[in-house]
Amino acid sequence: MCLRELFLLVFLLVPLGAPAAPPDSQAVLNMLDYVSVEYPEFVRDGQVLDQEEYAEQVEFSSRVRDLVGAMPAGARHTDLVNQAEELVGLIADKAQAQHVVALARKLQAGLVTEYQIVVAPRRAPDPAEGAQLYASNCGSCHGAQGRGNGPAAAGLDPAPTDFTDVARASARSVFGLYNTISLGVTGTSMPAFAQMTDAQRWALAFHVASFSNDPAQVRDGEAAWRAGEGRKAFPGLAQAVTVTPLEARSSGPRNDAVLAYLRAHPQALTAHAGSPLDFSLSALAHSIQAVRAGRHDDAYRLAVTAYLEGFELAEPGLASRDPDLLARTEQAMMTYRNAVHAGAPAGEIEAAYVRAVDALQLARTALAASALSPAAGFAGSIVIILREGLEAILVLAAMAAFLVKTGRREEMRWLHAGWIGALLLGAVTWAVSSTIIRISGAQREVTEGVTALLSAGVLLYVGFWLHSKSNARRWSMFIRDRMAGAGADTRFGARAALGIALVAFLAVYREVFETVLFYQALWAQAAGAGRNAILFGLAAGVVGLLVMAWLIIRLSVHLPLGLFFGASSLLLAVMAVVFAGQGIAALQEAGKLPLHPLDFPAVPMLGIYPNLQGIGLQLALIVVIVGGWYLVREQSRKT
Ligand code: HEC
């Protein structure tokens with residue numbers, strides 16, 4: 001397999017890892033979003049400006065057609081299928097952008113109503129972004145204060161909406177506003193802001209909703225929310241954006257105030273940013289309901305989700321406040337997961353559920369007590385970067401030392417290509433995952449698991465190769481051969497270069513997402529000084545890693561050649577065993593591999609997790625390594 005194929009394989013594993021759990025409606029909406037935002041950029045007046053992007057549009061539209069076709073039949077299903085078919089035709093004909101966009105939006109709106117799809121932002125919108133977008137795009141008509149009296153409003157019929165009109169605003173959900181902003185109002189001067197991203201339109205919708213806020217009510221709502229009110233009515237963003245203030249008023253005594261607060265501070269709600277633990281609690285509640293209804297597969301999937309998409313993200317913040325509670329909560333969630341998975345008796349599952357919920361609630365109180373203090377932000381941040389980066393830097397430094405030591409500094413570019421490529425590809429994958437295709441926690445773990453196992457394989461190979469040269473005499477022979485026969489030399493050189501780049505790539509790529517996610521969660525828990533502390537922690541951690549790499553390279557220069565090769569191949573072998581254990585654990589967390597617990601403590605840093613599968617693979621690797629080492633030694637004796 002060549003390097004490019006491998007890049008692609010790793011990259012594709014993420015979006016295609018597993019089909020999204022609910023029917024594909026959300027994916028279809030996203031693809032349509034993508035079509036309507038990007039098509040006008042790449043096709044103009046029947047001319048394709050970017051062939052590759054255009055091919056993607058063609059592919060997306062046909063996937064939309066297939067997926068819509070497979071949706072359950074309903075009152076308007078045939079209509080929707082026809083529209084999807086028409087969209088494929090328009091794109092194939094490179095039709096005018098406005099027709100394509102209009103049709104994609106219409107199909108989107110049709111799907112939302114027909115299948116009652118609840119659309120919610122993926123993350124809590126950033127209020128500052130909403131205010132800024134509003135000032136530059138909307139104020140001219142709707143007025144700087146939202147009163148509908150902007151300079152361009154004069155003479156418009158109908159007049160731009162006055163967003164401070166409380167009576168009107170109480171009948172509007174944020175989702176309704178979002179839809180109007182996305183689709184415009186035909187027959188009026190209100191344009192569709194289809195060119196904006198999904199996140200921008202949500203930010204605007206929240207900003208528009210805030211004009212009718214009553215500050216006293218928002219404060220009241222905040223107090224109620226902190227006292228635990230409204231949690232049932234608003235378990236997540238989806239409810240906060242679809243319920244209107246009027247509806248909230250009739251659903252509970254202070255729910256309208258809570259809704260006002262949540263609309264003003266959506267980050268109080270989000271699974272991924274604000275309060276991962278609330279997300280865990282609600283996913284666990286769904287899970288136990290599934291258990292009671294006898295749907296064990298669903299229950300298990302939800303239990304995995306509760307862990308990966310909620311709790312795991314709160315870990316760094318919790319670790320810096322109460323490590324004990326962190327361990328207890330983690331354990332309780334695992335016990336519940338395993339009980340569901342093993343189909344334990346109902347009483348046992350219920351008991352495990354209660355313990356997990358208790359622990360999560362304690363953890364939530366610990367986290368909510370205050371915004372993350374600067375000290376905790378710094379500590380959490382430095383722990384994340386050291387934990388996620390340590391293994392990668394060890395591997396990179398060992399390889400760099402090898403190149404320096406053998407006078408092959410010029411090959412260092414392969415090493416750099418590998419890790420830089422991993423960071424770039426990581427960033428791209430991240431961008432894709434937050435705009436086009438949502439990556440679930442399970443898919444993230446699958447990617448991490450697969451890359452870890454691949455790394456283990458490549459490290460093993462490179463380690464053996466190094467070891468086979470650990471005899472100084474053999475190494476000088478190898479260099480002489482290289483000098484002598486240029487023909488044989490290039491082939492060998494290419495293979496070694498590929499190995500180096502691959503090792504560097506895999507060691508870094510597997511950590512990128514998780515690191516970004518952890519930082520996102522930490523960032524959301526902090527404010528002001530806490531956020532600066534997070535940045536300092538990150539910088540300090542990176543410096544620490546660099547110093548460590550420098551030390552390893554420096555020290556190794558003074559080692560005798562044979563000892564150096566022995567030591568670095570040992571280091572690589574150990575890393576291979578560590579990666580193998582972590583890879584198995586990640587796949588188990590994602591629910592892709594069975595888990596048979598063994599009874600001893602876990603040491604995650606060393607990839608040691610107490611289960612049969614992981615330990616088994618690690619033992620097998622150790623046998624291979626020791627056996628290989630012995631064979632190489634026997635061979636070098638003979639020569
Ligand atoms: C050219 C003038 C103009 C601009 C610019 C404009 N709007 Fe509007 N908007 C209108 C008009 C006119 C209406 C009223 C349509 C109607 O009465 O059906 C409206 C209605 C709306 C509504 C519906 C409100 C409701 O309660 O139904 C929303 C939401 C909205 N605009 C948001 C925005 C946002 C956000 C922006 C900027 C991104 C924006 N508008 C920019 C003219 C404009």
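Note that ligands are numbered from 1 as they come in the structure, with each ligand's atoms numbered from 1 the same way. Quick caveat: nothing in here was measured; it's all calculated off a predicted structure.
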**Asked** Between OG1 of T164 and CG of N213, what distance do you get to the nearest 0.5 Å?
**Response** 11.5 Å
**Message:** For a ring pair (Phe, Tyr, Trp, His ring centres under 6.0 Å) check, start with the C-alpha distance between F234 and Y261, then their side-chain angles and the critical distance, and finish with the verdict.
**Reply:** CA-CA 11 Å; F234 304 110; Y261 165 66; over 10 Å; no
**Asked** Taking the six-membered ring for Trp, are F163 and F211 parallel (under 30°), tilted (30 to 60°) or perpendicular (over 60°)?
**Response** parallel
Less than 3.5 Å apart, N/O on ligand 1 and N/O on the protein: could you list those pairs with the distances?
{"residue": "ligand 1", "atom": "7 (N)", "partner": "H142", "partner atom": "NE2", "Å": "2.8"}
{"residue": "ligand 1", "atom": "9 (N)", "partner": "H142", "partner atom": "NE2", "Å": "2.8"}
{"residue": "ligand 1", "atom": "26 (O)", "partner": "R168", "partner atom": "NE", "Å": "2.6"}
{"residue": "ligand 1", "atom": "26 (O)", "partner": "R168", "partner atom": "NH2", "Å": "3.0"}
{"residue": "ligand 1", "atom": "26 (O)", "partner": "R172", "partner atom": "NE", "Å": "3.1"}
{"residue": "ligand 1", "atom": "27 (O)", "partner": "R168", "partner atom": "NH2", "Å": "2.4"}
{"residue": "ligand 1", "atom": "27 (O)", "partner": "R172", "partner atom": "NE", "Å": "3.1"}
{"residue": "ligand 1", "atom": "27 (O)", "partner": "R172", "partner atom": "NH2", "Å": "2.8"}
{"residue": "ligand 1", "atom": "31 (N)", "partner": "H142", "partner atom": "NE2", "Å": "2.8"}
{"residue": "ligand 1", "atom": "40 (N)", "partner": "H142", "partner atom": "NE2", "Å": "2.8"}

**Message:** Please verify the inter-ring angle class for W202 with F175; under 30° counts as parallel, over 60° as perpendicular, anything in between as tilted.
**Reply:** parallel
**Request:** Give a yes or no on this: more than 12 heavy atoms of other residues, nucleotides or ligands lie within 6.0 Å of atom CD of Q361.
**Result:** yes
**Message:** Tell me if the NE2 atom of H77 is crowded by more than 12 foreign heavy atoms within 6.0 Å.
**Reply:** yes
